[in-house]
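Counting starts at 1 for both ligands and their atoms, following the listed order.
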Amino acid sequence: MAKTIQAIRGMNDCLPTQSPLWQKVENTVKHVVSAYGYNEVRMPIVEMTHLFSRAIGEVTDVVEKEMYTFEDRNGDSLTLRPEGTAGCVRSGIENGLLYNQEQRLWYMGPMFRHERPQKGRYRQFHQCGVEVFGLDGPDVDAELIMMTARLWRELGIAEHVRLELNSIGSLDARADYRSALIAHLEQHIEVLDEDSKRRMYTNPLRVLDSKNPDVQAILVDAPELADYLDQDSKQHFAGLCELLDAAGIEYTVNQRLVRGLDYYNRTVFEWITESLGAQGTVCGGGRYDGLVEQLGGKATPAVGFAMGLERLVLMMETLELTDVRRSVDAYVVTAGEGTMMAGMKLAESLREALPGIRVMNHFGGGNFKKQFKRADKVGAVYALVLGENEVAENTVVVKDLQGGEQETIAQTELAAKLADII
Ligand code: ATP
Ligand code: MG
């Protein structure tokens with residue numbers, strides 16, 4: 001026998017048993033974002049490599065170690081998108097969506113990062129991202145956070161996530177803070193690990209993110225970003241906090257929260273759960289007012305977030321919120337001359353009469369016992385039985401597969417009988 005071929009490590013199939021929960025999460029997300037008037041945008045999965053190195057920053061985990069980069073047949077360096085913001089901004093600029101306009105956009109789809117696969121961390125994973133362009137006030141930042149809070153409520157996970165918030169100020173304010181932070185790190189250079197040493201001059205804020213306890217220890221008395229914030233950013237942040245208070249959204253201000261990608265300024269936030277272990281961030285976002293200009297567009301304020309759908313699905317599984325609608329309502333069982341086509345016609349007429357009903361026809365023959373077994377296996381509520389007599393008399397036997405009762409009714413009454421199961 002030929003050797004079987006396996007999927008790439010960290011890239012998973014979504015199997016038929018899993019897809020109902022995925023669809024529930026995806027549909028809830030779509031429903032929530034459209035409730036705020038946001039529009040979908042779909043970008044290619046592959047972009048020019050330098051889009052990501054320019055947007056995300058050369059000295060970030062994503063660009064340094066996680067990108068799937070390859071040369072195509074023309075010799076261009078291309079990369080499977082590791083996130084959606086860069087492509088969204090590229091598309092907005094290229095298609096003239098951003099200049100002097102407001103855009104409220106969302107997208108959903110696969111992203112690729114070459115990380116060590118583990119629970120909640122994969123090499124192909126899925127994000128839903130939301131990006132708003134052309135609005136610079138804290139009101140839109142608050143709306144994005146309220147939108148995510150609504151989503152958690154609709155998914156039933158609101159009790160299991162908490163919000164962390166910070167402002168990382170303007171680019172200038174960060175430059176001042178950077179020098180102060182570098183000076184502090186230089187005093188403790190012997191404690192820093194290789195990663196931190198390498199980042200210290202290029203991207204010292206990332207050192208704050210370090211998971212190394214020794215590095216964390218020397219950060220205790222490091223200068224605080226909050227002391228370097230510019231007046232406008234302080235005001236912006238105060239405005240955001242006020243709006244969140246008014247909306248009844250709880251948060252903690254985490255001075256250490258800087259987020260992994262270079263393009264953020266002012267507001268940064270993360271929604272974190274304790275129910276997934278180490279991979280606890282389900283959603284992260286913030287403002288990136290400089291990115292559009294950095295990618296060649298006219299200066300345009302922007303803010304957005306991205307959430308990891310695998311982590312949301314995992315959370316729902318962990319919390320046993322997996323009760324999704326069965327995939328089959330009625331299963332058509334037939335036996336005898338001419339009954340198969342009659343069964344398919346009956347199913348079609350039900351689909352006409354009751355949009356949304358899920359009817360499955362039995363194929364492949366077999367006696368009633370075998371057919372009822374199949375009906376049970378797919379989780380149908382009713383079996384609809386057609387023998388030669390029923391076909392001749394335009395009736396159908398409706399069998400309740402849970403209760404076991406059955407009755408013969410006219411086919412014209414069937415839709416009314418099944419109406420309440422959808
Ligand atoms: P982490 O700190 O967990 O690596 P990140 O800061 O790299 O996350 P972002 O780039 O902000 O993540 O992406 C937004 C969200 O996408 C994350 O909060 C997470 O839910 C999800 N995500 C990121 N990387 C992965 C991955 N490799 N597998 C699954 N989900 C991921
Ligand atoms: Mg990461």
Out of [options], who gets a non-hydrogen atom closest to [atom]?
atom                    : options                        : answer
atom 9 (P) of ligand 1  : Glu66, Glu83, Arg113           : Arg113
atom 16 (O) of ligand 1 : Arg116, Gln127, Lys119         : Gln127
atom 3 (O) of ligand 1  : His126, Gln279, Met307, Arg121 : Arg121

Any atoms of ligand 1 less than 4.0 Å from a non-hydrogen atom of [X]? List them with their elements.
X      : answer
Ala306 : 14 (C), 15 (C)
Glu115 : 24 (N), 25 (C), 26 (C), 27 (N)
Thr281 : 17 (C), 18 (O), 19 (C), 20 (O)

(request) Indicate yes or no: does Glu348 engage Lys345 in a salt bridge with an N to O separation below 4.0 Å. (result) no
(request) State which residue, out of Lys65, Glu83, Arg123, fulfils the side chain to side chain contact (heavy atoms under 4.5 Å, CB included) condition with Arg113. (result) Glu83
Side chain or backbone, does [X] bring an N or O within less than 3.5 Å of an N or O on ligand 1?
X      : answer
Glu270 : no
Gly308 : yes
Glu310 : no

Donor-acceptor list for residues 128-144 side chains, cut-off 3.5 Å, not counting sequence neighbours:
from: Glu131; atom 1: OE1; to: Tyr288; atom 2: OH; distance (Å): 2.5
from: Glu131; atom 1: OE2; to: Thr85; atom 2: OG1; distance (Å): 2.8
from: Glu131; atom 1: OE2; to: Tyr107; atom 2: OH; distance (Å): 2.8
from: Asp141; atom 1: OD1; to: Arg287; atom 2: NE; distance (Å): 3.2
from: Asp141; atom 1: OD1; to: Arg287; atom 2: NH2; distance (Å): 2.7
from: Asp141; atom 1: OD2; to: Thr267; atom 2: OG1; distance (Å): 2.6
from: Asp141; atom 1: OD2; to: Arg287; atom 2: NE; distance (Å): 3.2
from: Glu143; atom 1: OE1; to: Tyr38; atom 2: OH; distance (Å): 2.7

(request) Pick one of side chain, backbone, both or neither for how Val282 approaches ligand 1, counting any non-hydrogen atom pair under 4.0 Å. (result) backbone
(request) Report the distance from atom CG of Leu78 to atom CE of Met48, rounding to the nearest 0.5 Å. (result) 6.5 Å
(request) Kindly compute the distance separating NE2 (His160) from CD (Glu274), expressed to the nearest 0.5 Å. (result) 11.5 Å
(request) Report yes if some heavy atom in the side chain of Val207 is under 4.5 Å from a heavy atom in the side chain of Leu181; otherwise report no. (result) no
(message) Filter on salt bridge (Lys or Arg N to Asp or Glu O under 4.0 Å), then keep only pairs touching residues 211-235, sequence neighbours left out; what's left?
(response) none
